[in-house]
There are 4 protein chains.
Amino acid sequence: MAERVAVIGAAGFAGALAARLVHRHPRYELAAITARGDDVGVRLDALYPHHRVPLVLEELDLDRHADVDAAIVAYPHGASAPVVAALRRAGVRVVDLSADFRLRDPDVYAQWYGEHGAPPLFGTAVYGLPELYRADLAGAELVAGPGCYPTAAILALAPLAAANLLADVVIDAKSGVSGAGRAATRDTHFVTVDENVTPYKVEGHRHAPEIEQELGTAAVTFVPHLVPLDQGELVSCYVTPTEPLTPETLGALYADAYAAEQFVELADGPPGVRDVRETNLCRIHARVDQRTGKVLVFAAIDNLWKGTSSQAIQSLNLMLGRPEAEGLAA
Amino acid sequence: MAERVAVIGAAGFAGALAARLVHRHPRYELAAITARGDDVGVRLDALYPHHRVPLVLEELDLDRHADVDAAIVAYPHGASAPVVAALRRAGVRVVDLSADFRLRDPDVYAQWYGEHGAPPLFGTAVYGLPELYRADLAGAELVAGPGCYPTAAILALAPLAAANLLADVVIDAKSGVSGAGRAATRDTHFVTVDENVTPYKVEGHRHAPEIEQELGTAAVTFVPHLVPLDQGELVSCYVTPTEPLTPETLGALYADAYAAEQFVELADGPPGVRDVRETNLCRIHARVDQRTGKVLVFAAIDNLWKGTSSQAIQSLNLMLGRPEAEGLAA
Amino acid sequence: MAERVAVIGAAGFAGALAARLVHRHPRYELAAITARGDDVGVRLDALYPHHRVPLVLEELDLDRHADVDAAIVAYPHGASAPVVAALRRAGVRVVDLSADFRLRDPDVYAQWYGEHGAPPLFGTAVYGLPELYRADLAGAELVAGPGCYPTAAILALAPLAAANLLADVVIDAKSGVSGAGRAATRDTHFVTVDENVTPYKVEGHRHAPEIEQELGTAAVTFVPHLVPLDQGELVSCYVTPTEPLTPETLGALYADAYAAEQFVELADGPPGVRDVRETNLCRIHARVDQRTGKVLVFAAIDNLWKGTSSQAIQSLNLMLGRPEAEGLAA
Amino acid sequence: MAERVAVIGAAGFAGALAARLVHRHPRYELAAITARGDDVGVRLDALYPHHRVPLVLEELDLDRHADVDAAIVAYPHGASAPVVAALRRAGVRVVDLSADFRLRDPDVYAQWYGEHGAPPLFGTAVYGLPELYRADLAGAELVAGPGCYPTAAILALAPLAAANLLADVVIDAKSGVSGAGRAATRDTHFVTVDENVTPYKVEGHRHAPEIEQELGTAAVTFVPHLVPLDQGELVSCYVTPTEPLTPETLGALYADAYAAEQFVELADGPPGVRDVRETNLCRIHARVDQRTGKVLVFAAIDNLWKGTSSQAIQSLNLMLGRPEAEGLAA
């Protein structure tokens, strides 16, 4: 018997893709999709023909939309928490794609995001990175989907963090424009982005504290850059290790860490974001820079897939006791 | 002694480029630049660093801004006419980049654009295509800058039109995104345009009547397409000639028509829009399709330069008695 | 029991994608992949990580590679025919992706391609466009996969052709660069293509006679253009109909023609190539230009998928008695 | 009286642009352009229409081509030195764009490039970065044009290096494809680059020792990335300073260093490569990361202009006693 899943906030890039993945999932039934504002009443395949989801976007009505087994909530930061709280009160399992439940330190949350929208739930979510929290995700009721940059950065650096090898970390990240969301702004205008590369949020990006939380270090310098492509994200990590590492040691560390992971690929050379486009895969290459002793780790993901929506399905599968890769075949 | 030139509406793509071209013109002085709304008070080089125009965008004040020799007005259709009328009353020569003064038949104008904003001036402007209206532009007081598609299409087909050879014309046009202007919309969002090609305005584009007016024929099928690049426009014209043409006849027709034109290049093979990027050039290739007898004409321009702003300078030079190419060297 | 399928010439874009689609097909076994030259001995997932096909490219050895139920041959025009002939002699069913078996008139073939590499087989293949030749494809032994442009153009115009409504046809096609194949040339260099749009083969493209053959008319003007994207193809067709058509008549014509087709989508507005990226779909919009009476038909496909490799799987499914859509879900 | 300048190796991207810039220079005469192989006999404007240089590429003939005042040599590394030596013997002033004369330590040269092609000249060139070597460039006879990455990286970091503030440096560089040159390879194929971001030469790039030489430090980790655009280069530098810096101190350091430089722009926010496209400018933003104390410096150039060919003109102007900016106006 199919689990019924709603996608709350399905008009944006992340929610729409989540809706598509639920719709095509061999087991789940896409019970409803909701939106706010002008998108209510529009069929999703009119907004996004390539997703081919024939459902109409409805206004959120908890009386009807909470009558599901699970929901994926794709609301903006801040707006998400109250809706998640209401769904939880109705007993619905939730994967929340916003930042509202990712952080565990309320002071850090307050510093970067301000007041929280559902304090009693703060700190209660499982961090939805299956490669690190698989056991906790099994049967979980509230999951905070990681940010796209943290997904790539944490997978890139977790083996080093687990071995206490991170003395100093620089993360230079490059992302396609879909990461900026569906809103039409000067920053997402084609003419702004085309033939351009620009650092942004150089004064501090909200994903930095999330990365530090999961890596257990405060020594992270993180700068994202916008590059002219739609989907795809590369993090280039420059690590000063706490002790010198040989290529063999480093290779073994990563091989051991990810031997059993079906969605992490270790590559012999540097990954490109095309290699993982429209997949739930993270492709990683780690190496020692023989000249400086630094450890270089490159990780590529599709920011909308593994960075957001397909990873949400991966978590949902674990929450609902399904095979982790169900519905995620490339 | 420098002529003083203002650019009215310099915050958009066309106006900003016009401001740059005036600013760097060896003869003209950029006396003022104006904008509407949030852009007032902003320095133009903050909005468009690559133009390097250090002036501040001011709110339009005719008392001050009409104290110039000439103005380039880059307002939207409809909004332009009243401002142009005011400038003309103050004795300012005007190149208007909107559609407000391009058409000569008031019924056609009404059908495509609605009510006109300055009826007494309707039909009084010279059409700012120097290759066709050079004599009229000398000393002209009001010039209507052609649309970008008409610029390319008319230059592509004028030799055939002049020889009464146009029996039937299909124009398939491809434009970069800057042609859609600076407004951030779903249609100009990077993710909409990237890796995409789309026909638009297939129900009828306002540039069609303008093309027909200048070519003197009502037989034009015109369909524009949006392609993923910023500046550049190609028109591919498929002409059923009124009589069969040999390659030699066709070649001679174009060579004669454009022998003396410094901004029209006749190419041996099909032009690409890169060939004319950031120039005032129109690059044309005409040939007979031996299999069907059709005449194929391809013309490439930079939609913001020859299609709009540099062509305005070309017209302005003629209006003010300056060398036609002054300030337009590549 | 799985049918065993080989892909001959799997190092190019079309063959590699065919290998991927066979590899992931729920029923077929990818028995072998072959290549020529330097690619022999290389694993396909080293050349194309995103296809994730872990087989090694072998040199063609008919003793081994003809021991399959079917083969997809992705060789260049001319090189394909002898290999196809050898496979057929060994009893292997073949889908050939080259042009060697698409044409039915030997004089036309000679004119465009020169001498044929397997004369006894000339004219014996079924044209692999399932929407037109479904019955013939069932159980067929030799299938000629259509060119990518003909696939889109024929699907766009077949309903009009079947009703004898084509008096004159202009096809302006736009293709992504993958259509030019894997060879690194000046024409496929990033810097040549980026920020560019160029017509090519304006003196006549080999796909024109193929389109004319299938539409049953000699009145086709066909000009392809290269646009800066990787996968995707749009044909914009401008038809002078033999008699005036109303929007209702035209709409009914297309609705009837494609009501039962699962891989043809009729759209309310103009299609974009993004709408069909990485799918076996052709998305079509037909309309009457009220100003000129012309019929405009736009069709979008992914040139590598429906235009080549996924359509080959669609044909293969029919040849082998499998469900037509098997292995082709989006 | 015009100085006569030849461009040796004008068929590649750098040489062709150098030829254009000499051709349009108000003072210099483009005396000759040469090429090797198939390009001999071709007009440069057939290869590069947008450069509009109507000269024919000739085979190098020192009897004729050394009869000039100066030459810009744009040969590959290794091939350049013998030609430069011959030109110098003939008394021609040379700006060499290859790496042959950039390094000053013969062991470092041997390690990265192998045997040198003109040992007597090794170490005799002035490094062609006018902002650092202006006095030495005046009247110089042999100038080594810097690599494009070193140009951006050195300008980004020179103020810190001069103040002995560089304890540890990570340079994450992003370049458009023109930096890879005109050769058509798998790496420059549109389909490889489009919608992709890839680190390359992660095992060590030849520009690293050049950067270290000029900054006077061996602590540089340098990783270049290929991004999908044609011209433009951004270096993102992550510096651990030898002592803590305040924003004010850092700002003053850069303001002082570059106050008099007409081709260095200090920006209030992060630069984009569009800001400097087709200019000789380097646009820099330096800031202190308050969270980690690291100094972040971002510098954008056009890799073909300031990174190569227009910078060569800037050096040439100094060598020949002309105004430094002559012929380089945007």
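Bear in mind that the values here come from a model prediction, so they are computed numbers and not experimental data. Order of the sequence lines fixes the chain letters, A, B, ..., with proteins taken first and strands second; residue numbering starts at 1 for each chain.
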In terms of heavy-atom proximity below 4.5 Å to chain B, should A:Leu47 be classed as side chain, backbone, both, or neither?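 Both backbone and side chain.
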Can you name the side-chain contact (heavy atoms from CB on, under 4.5 Å) partners of A:Glu59, sequence neighbours left out?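 With neighbours one apart ignored, the set is A:Val40.
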Over 60° means perpendicular and under 30° means parallel, so tell me whether B:Phe190 and A:Phe190 are parallel, tilted or perpendicular.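 Ring orientation, 0 to 90° scale: parallel.
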Take atom CG in A:Asp38; do more than 12 heavy atoms of anything else shown fall under 6.0 Å from it? no
Atom pair OG1 (A:Thr188) and CZ (B:Arg186), whose distance is rounded to the nearest 0.5 Å: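 The distance works out to 12.0 Å.
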Going by side-chain hydrogen bond (donor to acceptor under 3.5 Å, both in side chains), name the pairs with one or both residues in residues 143-155 of chain B, residues two or more places apart or in two chains.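 Every side-chain hydrogen bond (donor to acceptor under 3.5 Å, both in side chains) pair that includes a residue of residues 143-155 of chain B, provided the two are not neighbours, is B:Tyr149-B:Tyr200, B:Thr151-B:Gln311.
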Could you please state which residues from residues 176-184 of chain A sit under 4.5 angstrom from chain B, measuring non-hydrogen atom to non-hydrogen atom, sorted by number, or 'none'?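 Those residues of residues 176-184 of chain A which have a heavy atom under 4.5 Å from chain B are A:Val177, A:Ser178, A:Gly181, A:Arg182, A:Ala183, A:Ala184.
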Non-hydrogen contacts under 4.5 angstrom with chain A: give the residues of residues 227-236 of chain B involved, or none if there are none.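 Hits under 4.5 Å: B:Pro228, B:Leu229, B:Asp230.
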